[in-house]
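Counting starts at 1 for both ligands and their atoms, in listed order. As the structure is a prediction and not an experimental result, all values here were calculated from the model. Quick note: numbers below take in every heavy atom, side chains included, and nothing from hydrogens, waters or symmetry partners.
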Amino acid sequence: MRNQYYPNLANPITINGVTFKNRIFGAPMSNPELDPDCHMRKEDLAFHENRARGGLATVAIGLGIVDPVGRVHTKEVTLYDVMSLPSLKEYANAMHRHNCIAVMELAHGGKYAGARSHDGAGDPLVLGPNNETNPDGLRVTSMTDEDIERVADCYADAAVLCQKAGIDMVLVHGGHGWLLGQFMSPTMNHRTDKWGGSLENRMRFPLLVIEKIRKACKNNMLIEYRMSGSEIIEGGYGIEEGIKMAEILDGKADIIHVSAGVHEDPDAFVVTHPSMFIEHGCNVHLAAEIKKHVKTPVATVGGLNDPDMMEQIIASGQADIVEIARQSICDPYFPEKAFSGRKDDITKCCRCFTCFYNYLTNRTFCCALNPVVGNELENKSGFPASEPKKVMVVGGGVGGMEAAITAAKRGHTVTLFEKNDRLGGQLLSEQYIPFKQDMYNFAKVLERRLKETNAEIRLNTEITAEDVAKLKADVVMVAIGATPVIPPIEGIDSPKVAGLLTLHSKEPQVGQKVVILGGGLVGSEAAIYLDGLGKDVTVVEMKDDWAADAYFMHKNAMNIYIRNSRIKIYTDTMAKAVTKEGLTCETKDGELLLEADTILLAAGMKTDQEFVNSFYNTADRVFMIGDCVKPGRVLEAVTLGYNRAIDV
Ligand SMILES: Cc1cc2nc3c(=O)[nH]c(=O)nc-3n(C[C@H](O)[C@H](O)[C@H](O)COP(=O)(O)O)c2cc1C
């Protein structure tokens, strides 16, 4: 029977005898941490199992490394180590518990490897297409025929290990600049032998790998081949050659998975992992072009978070399969919600890079909008509270709403007080900002979820600590947010000066020349928004760097926008006074006048500590949540709201 909401997206597909229950696949994601032997831990398995639980047809573990020489870092599962088998088996079993196809990515870092791949003394052995020095300064040795044969055998051995574990499909990583991608690339492969030069020669190694896997697994292992449809780097191949590569893979791989870009290039990085400044589905056109030329099912990936768009991709024949990575973190129940007519309850990934940043730096699973991520093992939100309590939540921003929803779902009697006439707090300011729509959507999703609980919501209700105390709650959660910092400079009360609240309206009341006072993340994003509206925007930041508080991938994405825009940023610049003409500032080189019709304040937020403190002792247990603890990100507000509610 066809699904009534998404008949094409929910339509199963059978490939080489294996049926995938729908067209939404879980794109490969590695693990931020592994055990000391680089095997998956219980936490890793729980994270991936949660991805499977919500209805994905497949879940892929990223970066299974097939050869010790191919290691890039220590977050790669060691497929050359037979002791990986128990955790791989656990993984396959976990997937099968949810009728989900278990997929393992087979990868080799090639010239970018070098971690833990010591060939005895001296430099680690690093193998690649050419003799060269890699960006880490390591000597790369051009692979001999024997090396190529040996590494191809490593892929085959790894596939056999996966087969033993019960894994259903291997995903051979031939994109993003990994070893096979290096051989495919005209700019990375300078060989003149049978492994380089012509397209046929550059494809020889990937084909050898596929052939060896097929043979070693006795034709009983599905192979998905991940390639970049275009490398998007100078000298790299574009879609014309991408099509020819796919034609060569046609009939050899079971699925041609079309991604984009090369991981070493910052500009390409935000296309491989599309940033919020790039349109959703920005890589679909690559898959669509390739699909016109091959019979093998084609998958597309990158910035997909909307089931309507996905349905359209499948229905229009642009791709046979859509893959999601970040969206499967943000809302693992995405497929289930879409297929049961609950698309309005989907938390859409806002592409903020919280997940990726925390993978790399804190080595944790993390999502700004999904507080369960990283806590899958101890997630108790589904469990009823042992003793229902009377809970008051003060403040209806995302932290307060998350706390109220979780507490109500656990059976507590919840009342939420919000002084404004709308729920959503700070996120309401994102309503008209095109690249923040998914963030704004999150506030609306939480509002809807809250209304579905039996929590009582009291809008337009400013409540004091005395009022709260009189209500005799068991637990009080204070999520009253923070207020903007108003810098003490001359003329700050001028009518030219406006707060970021001005951006809350569809047509913000700002003049043509706007100076933004404060070049942190918030000010920089406001600059991008106003530039998009055609304003002349200048940002003034007293630190020596702008958006210093942004995750570096997000900053990279902003930088790409800003460097192609008319936005001017002055760092090391101190605002002095608001004048008739604009803003006078002090720089290292002396005084500067920035002409402005409007000066927008983005100088940070502050907590009204006295007011916050007044709520202590209004009940036996009082919890503070979000910006009123310390002005921060959505991540902290949502995480704290959720966790405090499961503490009750
Ligand atoms: C946290 C994280 C880890 C990732 N790890 C891998 C990986 O191990 N191997 C891989 O091929 N791609 C990896 N990717 C890239 C994704 O598979 C995907 O191509 C990319 O994120 C774009 O899809 P999305 O917009 O749905 O996130 C990772 C992405 C993220 C966000």
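Protein heavy atom closest to atom 9 (N) of ligand 1, with residue, atom name and distance, is Glu105 OE1, 2.8 Å. Nearest protein heavy-atom neighbour of atom 21 (O) of ligand 1: His273 CD2, 3.4 Å. Nearest protein heavy-atom contact of atom 14 (N) of ligand 1 is Pro28 O, 3.4 Å. Given atom 5 (N) of ligand 1, the protein heavy atom at minimum distance is Ser30 N, 3.2 Å. The protein heavy atom nearest to atom 26 (O) of ligand 1 is Ala325 N, 2.9 Å.
Note on Arg202 versus Glu241: salt bridge recorded, some NZ/NE/NH1/NH2 to OD/OE distance being below 4.0 Å. Between Arg41 and Glu33, none of the side-chain N atoms (NZ, or NE/NH1/NH2) sits under 4.0 Å from a carboxylate O, so this pair counts as no salt bridge. With salt bridges taken as basic N to acidic carboxylate O contacts below 4.0 Å, one links Lys436 and Glu525. Taking 4.0 Å as the cut-off between side-chain N and carboxylate O, Lys337 and Asp344 do not count as a salt-bridged pair. A salt bridge links Arg563 with Asp267: the distance from a Lys NZ or Arg NE/NH1/NH2 to an Asp or Glu carboxylate oxygen falls below 4.0 Å.
His263 and Tyr112 have their aromatic ring centers within a separation under 6.0 angstrom. Between Tyr5 and Phe339, the ring centre distance reaches or exceeds 6.0 Å. Taking the six-membered ring for Trp and the full ring otherwise, Phe277 and Phe435 have centroids separated by under 6.0 Å.
Polar contact with ligand 1: present for Gly303 (N/O pair, distance under 3.5 Å). Geometrically, ligand 1 and Glu323 share no nitrogen or oxygen pair separated by less than 3.5 Å. Here's the thing with Ile324: none of its N/O atoms is less than 3.5 angstrom from an N/O atom of ligand 1. Between Arg326 and ligand 1, an N or O atom pair is found at a separation short of 3.5 Å.
Listed by number with element, the atoms of ligand 1 under 4.0 angstrom from any heavy atom of Phe356 are 29 (C), 30 (C), 31 (C). Each of the following atoms of ligand 1 lies closer than 4.0 Å to a heavy atom of Gly62: 7 (C), 8 (O). Atom numbering of ligand 1 starts at 1 in the shown order; those under 4.0 Å from a heavy atom of Val301 are 19 (O), 23 (O). Residue Ala27 has at least one heavy-atom neighbour below 4.0 Å for each of these atoms of ligand 1: 17 (O). Set against the non-hydrogen atoms of His173, the atoms of ligand 1 under 4.0 Å away are 10 (C), 11 (O). Distances below 4.0 Å separate heavy atoms of Tyr359 from the following atoms of ligand 1: 1 (C), 3 (C). Taking a cut-off of under 4.0 Å to the non-hydrogen atoms of Gly302, the atoms of ligand 1 that pass are 22 (C), 23 (O), 25 (O).
Ligand 1 has Thr272 within reach: a non-hydrogen atom of the residue lies less than 4.0 Å from it. Not a single heavy atom of Gln327 lies less than 4.0 angstrom from ligand 1.
Counting non-hydrogen atoms of neighbouring residues, nucleotides and ligands closer than 6.0 angstrom, the NZ atom of Lys244 reaches no more than 12 such neighbours.
The salt bridge (charged side-chain N to carboxylate O under 4.0 Å, His left out) check on Asp306 picks up Lys348, with sequence neighbours excluded. Under the salt bridge (charged side-chain N to carboxylate O under 4.0 Å, His left out) criterion, Lys164 pairs with no residue at all, not counting sequence neighbours.
Between the choices His176, His280, Arg226, the shortest heavy-atom distance to atom 18 (C) of ligand 1 belongs to Arg226.
A tilted orientation is assigned to the rings of Phe269 and Phe356, their planes being inclined by 30° to 60°.
Of the heavy atoms in Leu63, both backbone and side-chain atoms come closer than 4.0 Å to ligand 1.
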